[in-house]
> 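I am attaching a structure below and will ask some questions about it afterwards.
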Amino acid sequence: MPVNVKVNSPKVTYGGDFIKAKYNYESSTATQHPDGRITINPYTLEMDVTTAAKVPRTGLMMAGWGGNNGTTFTGMCLANKHKLTWHSKRGEHKADFLGSVSMIGTFPVGLNEDGEEVFAPVRHMLPMLDPTKMEIDGWDISSMNLYDGLKRAAVFDWELQEKLRPHMEQLKPRKAVFFQDFVAANQADRVDNVITGTKYEQMEKLRADIRDFKTKKNLDKIIILWVGNTERFSEVVPGLNDTWANLEKSMKASAHEVSPSTVYAAAAILEGCAYINGSPQNTFVPGILELAEKRRIMICGDDLKTGQTKLKSVLMDYLVGAGLKPESIVSYNHLGNNDGKNLSAPQTFRSKEISKRGVVDDMVASNKELFAAGTGPQKPDHLVVIKYVPYVGDSKRAMDEYTSAIAMGGLNTMVIHNTCEDSLLAAPIMLDLVLFMELFQRMDVKVNDEKIHFEMGQLLGYWMKAPLHTMTNSLFRQRSCIENLVRAALSLPANNHLFLTKSPITNVVETLQNGVTNGVHKAVREPSVLKNGNILRNILPSTNGVHSIN
Ligand SMILES: NC(=O)c1ccc[n+]([C@@H]2O[C@H](COP(=O)([O-])OP(=O)(O)OC[C@H]3O[C@@H](n4cnc5c(N)ncnc54)[C@H](O)[C@@H]3O)[C@@H](O)[C@H]2O)c1
Ligand SMILES: O=P([O-])([O-])O[C@@H]1[C@@H](O)[C@H](O)[C@@H](O)[C@H](O)[C@@H]1O
């Protein structure tokens, strides 16, 4: 997609193939002393951030392609590619990407001459993959073509389903790796499209599929996304899956505890493909983590953060950040799609319960004042309930109750009812994960020529309930993380939101016209003064893109 945001700085070079930026990474370490004192030690690292400017021909392969999320995502991309419109009782609709930060989001990039904030579309900050140009393929245990799968999902309006038929009924999922024991028994009735052989042979078949897709579509890179059923957790057993070597042996022996999703992850990494886990199970057993680390392949998980849990990561941030003490959180929802059907089994529900409950842990841990020993509960009562009600289909009904202690013995209870088509929240999030993963794969960050390896759980945590290897679940800190990495690639400092001065131009003109008294600039003059930009040009040609104040 065209990029129409440009940084005017000698520290950023826009070459044909690369965007090169010098970036000062400002951070700090902190020491907690036994007596409660904390010492903060700031530091600065000079970084070289290089972003490949050409977006490679990219393909996406989904495990679970024929499901509600997979068909909805594919339909959304194709409807936008073909600029489809359709009608519902609410009138005419046009295809869009609502819910996608990469396609719809903006970042603040500075003040204009009137002192107002300017917001740039995220997709115009750095070259990003155009989702309408992305090739899509995948696997499913159900052989149903993508149009029939779209109808089975019953997420889109009928007219849109029919308009997508010519674009989707030729799309057929590849044969899948499947072991019944990892999902609910009620999934057996959709299994008619699976590979056989040892688990290792099945992995090799997946690898062949990846190579086949890459060759047939003349792709430069492929990203793999799991939106298959939620699996039960695999047991992590020394000698079985604790190292890559042991996991490889276990697959050759078709060891029972090797899950389908772990087999897909191994195939992806061995083929050099980034892997994203959209579900809550522990696909990334230590053997997979070791393989990804050794091969330097980006992996990310776990479990898309879409609605009820996303709101929880906002409310917890607000409550704890405001010094209010959440003491009871009850999250109930019922849904009637196949995901809900699969989650009706205790072992698969347990995977989801872990990811949905864990989202509050970092915010509880962030305030020892609130949850100090001896001041009552050390963490909120937190209950997650999911029920399967076929009637509602993909339209998930979520009901939440948050009760917090407020000042002087008071209580505050918030009750929320939240209804949505779960897959229409998930599809744009899947898109963001793929687009930002693809972008971050093109970014190279070095300190003194030593490459920094991204922790994708931290960078893509905004879209995950249980981000891998990270401690942050606060939604706005997570969004700020993405914003500031994009800013770093353009040599822009992390956004401090301080607005200590309207702008250097304001102060310079103000100073020049009214003098500086005791080194303090007077209150900002009306922005009209600034419209006559030539004041600055005549008096203070900018050097190195920075206006100096005499
Ligand atoms: N808002 C959301 O929809 C949302 C949010 C967070 C997480 N998720 C997770 O995303 C996943 C997909 O959700 P969904 O609503 O599309 O569910 P779904 O059941 O409609 O789709 C899952 C698909 O995976 C297929 N499948 C199962 N095992 C497979 C295997 N081993 N290989 C290939 N395909 C396999 C199934 O046949 C099905 O078509 C679920 O795990 C769900 O928990 C969904
Ligand atoms: O909205 P959210 O909590 O992020 O995520 C959803 C859950 O609320 C729902 O219970 C579950 O079935 C979906 O797979 C998804 O996980």
Side-chain angles (χ1 to χ4, degrees), residues 61-73 99 138-144 146 148-150 152-155 173-180 182-184 186-195 202 206 225-231 259-264 276-281 283 301-313 331-344 348-349 351-353 355-357 359 384-388 393-400 418-430 433 463-466 475:
M61 294 187 88
M62 285 177 272
W65 191 20
N68 284 32
N69 287 181
T71 54
T72 302
F73 175 89
W139 304 269
D140 204 291
I141 58 176
S142 164
S143 62
M144 195 175 277
L146 266 287
D148 289 335
L150 192 75
R152 174 175 61 185
V155 174
R174 298 172 187 256
K175 288 184 182 296
V177 171
F178 178 69
F179 316 129
Q180 176 65 63
F182 282 86
V183 295
N186 61 34
Q187 294 301 300
D189 57 12
R190 64 195 284 145
V191 182
D192 66 354
N193 195 38
V194 296
I195 3 185
Q202 295 189 46
L206 296 180
L225 169 62
W226 171 277
V227 280
N229 282 151
T230 290
E231 298 172 336
S259 70
S261 62
T262 292
V263 175
Y264 282 93
I276 301 167
N277 179 21
S279 297
Q281 70 272 355
T283 302
D302 297 315
D303 207 6
L304 306 174
K305 180 160 74 175
T306 51
Q308 186 176 46
T309 305
K310 199 166 203 168
L311 185 63
K312 186 172 289 179
S313 62
S331 290
Y332 163 90
N333 76 57
H334 61 266
L335 68 171
N337 56 23
N338 188 60
D339 178 33
K341 184 178 177 184
N342 177 58
L343 290 172
S344 63
T348 45
F349 167 73
S351 300
K352 188 66 73 171
E353 183 186 33
S355 66
K356 284 177 72 81
R357 293 190 64 231
V359 77
V384 168
V385 177
I386 300 174
K387 292 299 178 189
Y388 174 52
D394 200 70
S395 175
K396 175 187 68 186
R397 270 78 163 153
M399 283 152 246
D400 289 80
N418 179 352
T419 291
C420 64
E421 289 87 355
D422 233 8
S423 298
L424 295 181
L425 285 181
I429 285 166
M430 295 156 62
L433 282 162
W463 294 284
M464 288 286 160
K465 292 193 189 67
L475 192 72

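Indexing begins at 1, ligand by ligand and atom by atom, following the structure's order. Reckoned from all heavy atoms, side chains included, excluding hydrogens, waters and symmetry mates.
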> How about Tyr332 and Lys387: do any of their side-chain heavy atoms sit closer than 4.5 Å?
yes

> Asp422 heavy atoms, cut-off 4.0 Å: which ligand 2 atoms fall inside?
6 (C), 13 (C), 15 (C)

> Any nitrogen or oxygen of Leu335 lying under 3.5 Å from a nitrogen or oxygen in ligand 2? Just yes or no.
no

> Any ion pair linking Asp302 and Lys465 (charged N to carboxylate O, less than 4.0 Å)?
no

> Got the closest protein heavy atom to atom 9 (C) of ligand 2, with its distance?
Asn333 ND2, 3.6 Å

> Kindly confirm or rule out an N or O of Lys305 lying under 3.5 angstrom from an N or O of ligand 2.
no

> Going by heavy-atom distance to atom 2 (P) of ligand 2, choose the closest among Leu304, Val227, Val359, Thr306.
Thr306

> In terms of residue, atom name and distance, what is the protein heavy atom nearest to atom 6 (C) of ligand 2?
Lys396 NZ, 3.6 Å

> Tell me the contacting part of Leu425 for ligand 2: side chain, backbone, both, or neither, using a 4.0 Å heavy-atom threshold, strictly below.
neither

> Would you say the side-chain atoms of Asn338 pair up with the backbone N or O of Lys341, donor to acceptor, closer than 3.5 Å?
no

> Would you call Asp339 and Lys396 a salt bridge, taking side-chain N to carboxylate O under 4.0 Å as the test?
no

> Using modelled atom types only, decide if a donor and an acceptor are shared between the side chain of Thr72 and the backbone of Asn69 within a distance under 3.5 Å.
no

> Got the closest protein heavy atom to atom 13 (C) of ligand 2, with its distance?
Asp339 OD2, 3.3 Å

> Would a 4.5 Å heavy-atom cut-off, applied to side chains only, mark Asp394 and Leu335 as touching?
no

> Taking the ring centre of each residue, are Trp139 and Tyr264 less than 6.0 Å apart?
yes

> Which option wins on minimum heavy-atom distance to atom 15 (C) of ligand 2: Lys465, Gln308, Lys356?
Lys465

> Determine whether a donor-acceptor pair (N or O, by modelled atom type, separation under 3.5 Å) exists between the side chain of Glu231 and the backbone of Ser261.
yes

> Which atoms of ligand 2 sit under 4.0 Å from any heavy atom of Gly307?
1 (O), 2 (P), 4 (O)

> Who are the residue neighbours of ligand 1 when the rule is a heavy atom under 4.0 Å from any of its atoms?
Gly64, Gly66, Gly67, Asn68, Asn69, Trp139, Asp140, Ile141, Ala176, Val177, Arg190, Trp226, Val227, Gly228, Asn229, Thr230, Pro260, Tyr264, Gly278, Ser279, Asp303, Leu304, Thr306, Asn338, Asp339, Lys352, Asp422, Ala426, Lys465

> Between Asn68 and Glu421, do the side chains contain a donor N or O and an acceptor N or O under 3.5 Å apart?
no

> Where do Arg152 and Ser142 land on the side-chain contact (heavy atoms from CB on, under 4.5 Å) test, with the steps shown first?
CA-CA 12 Å; Arg152 174 175 61 185; Ser142 164; 3.2 Å; yes

> Is it the case that the side chain of Asn193 and the backbone of Asp140 share a donor-acceptor pair, with hydrogens and angles ignored and the cut-off at 3.5 Å?
yes

